[in-house]
Amino acid sequence: MTEAPTVTSTKDTITEFFTRFGAGDRDGMLALFAEDTDFLVAGSATVPWTGRREGAVGIRAFIDSVCDDVETKRFDIDTIVVDGDDGVVLGSFAHLVLRTGRIFTGPFALHIAVRDGRIRVYHMFEDSHAASIAFAE
């Protein structure tokens, strides 16, 4: 996570994150995070990308899980609200869990704080109950 960011504003960094996410650019997504990012995805232990993550290794594990464990059927960003360093993203999605064949859908909320073009806070909230059912074997 030492590559210099190409964007600096909060909104530009958030938009770039989702552009890289949509392109499946794992290294590009990872490059947007600060080494000491406060990273948390609330949810169930049965969902592989949930929990607190630390450093490049932890955040890369999250990115790999999201990219490898589900096929995104729909991902819509409804709004991005920015106040200084803080941004809130609201949207909805539909994911197919590859190992179970189940689809889970729902809204999400994401708090991202950016300083100097790097993501310093990443807190994601989604329907953890629906996700846990979709991942249950």
Side-chain angles (χ1 to χ4, degrees):
M1 292 193 286
T2 59
E3 178 183 320
T6 58
V7 292
T8 56
S9 79
T10 300
K11 181 149 188 183
D12 287 347
T13 302
I14 292 169
T15 300
E16 184 64 20
F17 173 79
F18 285 112
T19 297
R20 294 176 187 191
F21 176 81
D25 181 1
R26 297 175 192 211
D27 292 336
M29 284 185 275
L30 186 61
L32 292 173
F33 287 91
E35 182 62 35
D36 61 346
T37 297
D38 176 4
F39 192 101
L40 176 66
V41 178
S44 167
T46 61
V47 180
W49 60 70
T50 61
R52 186 162 296 282
R53 304 289 176 150
E54 293 185 14
V57 171
I59 294 171
R60 180 59 185 244
F62 162 80
I63 291 168
D64 287 344
S65 178
V66 169
C67 292
D68 294 339
D69 294 337
V70 298
E71 178 183 321
T72 299
K73 297 296 190 178
R74 181 179 52 78
F75 190 88
D76 299 316
I77 296 174
D78 298 327
T79 191
I80 299 173
V81 178
V82 174
D83 182 13
D85 291 346
D86 292 297
V88 174
V89 182
L90 303 174
S92 60
F93 63 84
H95 294 309
L96 169 67
V97 177
L98 297 175
R99 75 171 187 244
T100 66
R102 294 188 187 105
I103 291 179
F104 72 102
T105 64
F108 71 89
L110 179 60
H111 171 218
I112 297 177
V114 176
R115 268 193 330 271
D116 301 322
R118 299 265 192 207
I119 297 171
R120 305 292 179 160
V121 173
Y122 185 98
H123 291 176
M124 186 172 78
F125 306 93
E126 63 186 2
D127 185 345
S128 59
H129 179 69
S132 68
I133 289 171
F135 273 94
E137 302 273 352

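All of these numbers come straight from a predicted model, not from anything done at the bench.
- Checked by atom type and distance alone, the side chain of Ser65 never pairs as donor or acceptor with a backbone atom of Phe62 at under 3.5 Å.
- Applying the side-chain hydrogen bond (donor to acceptor under 3.5 Å, both in side chains) test to Asp127 and every residue at least two apart in sequence or in another chain returns nothing.
- Scanning both residues, Cys67 and Met29, for their nearest heavy atoms gives SG-CE, 4.1 Å.
- A chain of hydrophobic side-chain contacts below 4.5 Å, direct or via other Ile, Leu, Val, Met, Phe, Trp or Tyr residues, connects Val114 to Ile77.
- Under a hydrophobic clustering in which Ile, Leu, Val, Met, Phe, Trp and Tyr are joined whenever their side-chain heavy atoms come within less than 4.5 Å, directly or via other members, Phe104 and Phe125 fall into different clusters.
- With contacts defined as side-chain heavy-atom distances shorter than 4.5 Å, the pair Val70/Phe135 qualifies.
- By the criterion of side-chain heavy atoms lying less than 4.5 angstrom apart, applied directly or through intervening Ile, Leu, Val, Met, Phe, Trp or Tyr residues, Val66 is not grouped with Ile133; the two fall into different hydrophobic clusters.
- Residue Ala134 comes nearest to Val97 through the heavy atom pair CB-CG2, 3.7 Å, listed as atom of the first residue, atom of the second, then distance.
- Arg120 CZ to Glu35 CD: the interatomic distance, rounded to the nearest 0.5 Å, is 10.5 Å.
- Hydrophobic clustering places Tyr122 together with Ile80 (ILVMFWY residues linked when any side-chain heavy atoms are closer than 4.5 Å, directly or through intermediates).
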Donor-acceptor list for residues 81-95 side chains, cut-off 3.5 Å, not counting sequence neighbours:
| from | atom 1 | to | atom 2 | distance (Å) |
| --- | --- | --- | --- | --- |
| Asp86 | OD1 | His111 | NE2 | 2.7 |
| Ser92 | OG | Arg74 | NH1 | 2.9 |
| His95 | ND1 | Thr72 | OG1 | 3.2 |

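- Partners of Ser44 by side-chain hydrogen bond (donor to acceptor under 3.5 Å, both in side chains), not counting sequence neighbours, listed by chain and number: Thr46.
- Of all the heavy atoms in Arg20 and Gly28, the pair that sits closest is NH1-O, 2.5 Å.
- Using a 4.5 Å cut-off between side-chain heavy atoms of Ile, Leu, Val, Met, Phe, Trp and Tyr, with links allowed through other members, Leu110 and Leu40 fall into different hydrophobic clusters.
- Annotation: salt bridge (Lys or Arg N to Asp or Glu O under 4.0 Å) contacts of Asp68 (sequence neighbours excluded): Arg26.
- Ile59 contributes atom CD1, which lies 10.5 Å from atom CG of Leu32 (distance to the nearest 0.5 angstrom).
- Closest heavy-atom contact between Phe17 and Ile119: CD1-CD1, 4.1 Å.
- For residues 47-57, the side-chain hydrogen bond (donor to acceptor under 3.5 Å, both in side chains) pairs, not counting sequence neighbours, are Asp38-Arg52, Trp49-Glu126.
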Point to revise | Residues Arg60, Asp27; criterion side chain to side chain contact (heavy atoms under 4.5 Å, CB included); working and verdict | key: CA-CA 8 Å; Arg60 180 59 185 244; Asp27 292 336; 2.6 Å; yes

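- The two atoms that bring Gly43 and Ser128 nearest to each other are CA-CB, 3.4 Å, heavy atoms only.
- Partners of Arg99 under the salt bridge (Lys or Arg N to Asp or Glu O under 4.0 Å) rule, at least two apart in sequence or in another chain, are Glu137.
- In this structure, Phe18 and Phe21 have perpendicular ring planes: the angle between them is above 60°, well past the 30° mark.
- Listed for the Thr100 side chain is a donor-acceptor partner under 3.5 Å among the backbone atoms of Arg102.
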